[in-house]
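Chain letters run A, B, ... following the sequence lines, proteins first and then strands; every chain starts at 1.
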There are 2 protein chains.
Amino acid sequence: MNGSGVRGTVTMHDVAARAGVSIKTVSNVVNNYPHIRPATRAKVQEAIDELGYRMNLSARSLRQGRTGIIGLALPELSLPYFAELADSVIRAAEARGVVVLIEQTSADRQHELDVLTSDRRQLTDGLIFSPLELGPDDADALKVDYPLVVLGERIFGGDWDHVTMNNVDAARAATQHLIDQGRRRIAVIGAHAGETMGSAALRVLGYQAALAANGIPFDPDLVVEGGLWHRATGADCTNRVLDSGVKVDAIFGLNDALALGSLHTLHARGVSVPDEIAVIGFDDIEDAAYASPTLSSISPGREQIATMAVDLLLARIAGEDKPYRRVITDFSVVPRESTAA
Amino acid sequence: MNGSGVRGTVTMHDVAARAGVSIKTVSNVVNNYPHIRPATRAKVQEAIDELGYRMNLSARSLRQGRTGIIGLALPELSLPYFAELADSVIRAAEARGVVVLIEQTSADRQHELDVLTSDRRQLTDGLIFSPLELGPDDADALKVDYPLVVLGERIFGGDWDHVTMNNVDAARAATQHLIDQGRRRIAVIGAHAGETMGSAALRVLGYQAALAANGIPFDPDLVVEGGLWHRATGADCTNRVLDSGVKVDAIFGLNDALALGSLHTLHARGVSVPDEIAVIGFDDIEDAAYASPTLSSISPGREQIATMAVDLLLARIAGEDKPYRRVITDFSVVPRESTAA
DNA sequence: ACGCGTCTTTGCAACGATGTAAACACTACC
DNA sequence: GGTAGTGTTTACATCGTTGCAAAGACGCGT
């Protein structure tokens, strides 16, 4: 259809000439300016079609100061949770007419800081940021001059919108689910010592709350440290806790990757799940439903997080000036074989 | 550092004024034009630092006709293989100073066609495209006027570069691996009837070649159709072949998701792996190493694919005019528990 | 027929950078 | 001292679009 073919640089100028109107009228037609006589609109549209005109988005960006691109910064796509989150964000963005530029921070603090001030921010109208390493001390770095939506609960109290789930309650529900199956010696894997605001800390709090609510004493030996929430870490943590000799009848992986790594180790060591040890994860990634045995988990409402984040960001980009919001999404316990009775 | 603060729109103009040089000299400094007196460069650099100048990328894009963004079109990020591929592409791109805009096609033919002509192509300097549904008949649609690198083997013979693995040989190797373990009744799951050029068809060819080379008769009943290569499909295919009553001692999943779905079903039905049935997948996604039992697979050299694709694309963007290339990446068999002796 | 308000269309000046080609500066050499 | 050659800096037009404000067209009431 591209009439002229080779690198067809057809501009509004050409369209205007062809249609016998001014270039501004072409602009008005393209932008759906309401006051245009139908006949004029038709003429212009015809010229556009004949010439195969496509608007030059760089020019528009320069003029408007907007690119139509939003940024999404996350640790890495090879972590299934983030891949699925990115999937949802891209879909939500597409539905609203914008596209997504993804940046990976490799869960590296400096990299997370860099992303906030990178030249690439010029290319995006705003940023959805899911930090893993930044903490309350880095709040200043988040005081940026472009629309920002932060995912997760690591940092509060700044001029940005926040979308998060209730980690404490969700972890409490996960733990309660294990308790309901009669488990009492529940290990937690993937804890982060010294952290107070991150997902790890909050989920451990929920775990403790559930124990307390059921009159089960808290045993620090059951809390296993583990840095990156990868499968390998989960496998390792599980080995450590089993080797330590403490009695364990359930494992709560602070995310699904950890729990899947745990299943892997349990299988390798011939421990039967859920008979000897029940396992629950957190995030409800697609893998969970297909693990052997299938993995119980907490569904964090991924779609909802993505949709909210995009909507909040686009509202700020559009100039909304309401007070910054903190949105807490819904969660649910998804019981599967790994915690069956 | 951003001296002026609020939405600091510092332009080259401001820098030029501050440094007492012309705006073009600032441009020259920023772009590392060689013939600049050190004193001048220092003056300009100082002004840049003091004012916190950042170049407006939209303006540069308009002028140069380049955005510094490359597109990556793939079926969906929630498929681990593509998530990992995207991870690698983003890293390769970052190392070369460009960023990546990801578009999902949902493995939908129309969507795949749309992506090629979308307005978004204006935003990208070129596209890395991994089609799943387009076939040889769609070759014309790929005749686009921007740099394009196609991944996979579905469509050949056009004006674009191609990065692919040797699907036939790799599938032959996978099958040979099973045969080496003494398996003779090897089912293939995820085949696409009627397809001749896609990965499915090529991998089935490799499977047949291996059987032939070992004097094992080909039994069509062992070839199980399955559309989307998701875990659910693999689970379903496995149920079908087991229910059909044909004897099976091994399953070759045409990708890892299928094979993982298969493991799921086998586990659910109490079939022991690899004792009763051995399983091998294809792609070597991270999951494979953590499945229970761990899944043997074919490693397709993902890093290499990503790196080659980005390099080829950037070379075209830079104006390289050599004949179009077809790069075939290396693969290797990764034996794990699911095919242990 | 006149004036006024509303609907349509337009010209012009930006947005912020870079390519071109010319101007200027300085050395080196005859 | 003049000229060629190299190194350094500059003015200007231009990339393709949109905001602004004003001009032109049209309908209506009086």
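Rounded to the nearest 0.5 angstrom, Asp87(A) CG and Glu76(B) CD are separated by 6.0 Å.
Residue contacts for Leu62(B): at a heavy-atom cut-off of 4.0 Å it reaches a base atom on one of the strands shown.
Taking the side chain as every heavy atom from C-beta outward, Leu314(B) and Ile70(B) approach each other to under 4.5 Å.
Partners of Asp119(B) under the salt bridge (Lys or Arg N to Asp or Glu O under 4.0 Å) rule, at least two apart in sequence or in another chain, are Arg54(A). Applying the side-chain contact (heavy atoms from CB on, under 4.5 Å) criterion to Glu303(B), with sequence neighbours excluded, gives Ser88(B). Considering only residues two or more places apart in sequence or on other chains, Arg37(A) meets the salt bridge (Lys or Arg N to Asp or Glu O under 4.0 Å) condition with none of them. The side-chain contact (heavy atoms from CB on, under 4.5 Å) test applied to Ala42(A) returns no partner, not counting sequence neighbours. Checked against side-chain contact (heavy atoms from CB on, under 4.5 Å), Thr124(A) has the following partners two or more places apart in sequence or in another chain: Ile69(A), Leu101(A), Arg121(A). Legend: residues meeting side-chain contact (heavy atoms from CB on, under 4.5 Å) with Ala17(A), ordered by chain and number and at least two apart, are absent. By the ring pair (Phe, Tyr, Trp, His ring centres under 6.0 Å) test, Tyr324(A) pairs with no residue at all, sequence neighbours left out.
Side chain of Ser118(B) to backbone of Asp114(B): no donor-acceptor contact under 3.5 angstrom is found. Side-chain N or O atoms of Asp108(B) include none that pairs as donor or acceptor with a backbone N or O of Thr105(B) at under 3.5 Å.
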query = When every nucleotide of nucleotides 17-22 of chain D is labelled 5' to 3' by its protein contacts under 4.0 Å (heavy atoms), B for base, S for sugar-phosphate only, - for none, what sequence of letters results?
reply = BBBB--

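At its two ends the helix from dA1(C)-dT30(D) to dC30(C)-dG1(D) runs along axes set 50° apart, each axis drawn from five pairs and the angle rounded to 10°.
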Check residues 18-31 of chain A and write down every donor-acceptor pair under 3.5 Å in which the side-chain atom is one partner and the other belongs to a residue at least two apart or another chain.
residue  : atom : partner  : partner atom : Å
Arg18(A) : NE   : Glu50(A) : OE1          : 2.7
Arg18(A) : NH2  : Glu50(A) : OE1          : 2.4
Ser22(A) : OG   : Lys24(A) : N            : 3.3
Ser22(A) : OG   : Thr25(A) : N            : 3.2
Ser22(A) : OG   : Thr25(A) : OG1          : 3.3
Ser27(A) : OG   : Asn31(A) : ND2          : 3.4
Asn28(A) : ND2  : Lys24(A) : O            : 3.4
Asn31(A) : OD1  : Arg60(A) : NH2          : 2.8
Asn31(A) : ND2  : Ser27(A) : O            : 2.7

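Within a 6.0 Å radius of CZ in Arg96(A), more than 12 heavy atoms belonging to other residues, nucleotides or ligands are found.
Near DNA chain D, meaning a heavy atom under 4.0 Å from it, residues 37-46 of chain A has no residue at all.
For the pair His35(B) NE2 and dG5(D) P, the computed distance is 16 Å after rounding to whole Å.
For DNA chain C, the contact window with chain B, defined by any atom under 4.0 Å from a protein heavy atom, covers dG16(C) to dT20(C) in 5' to 3' order.
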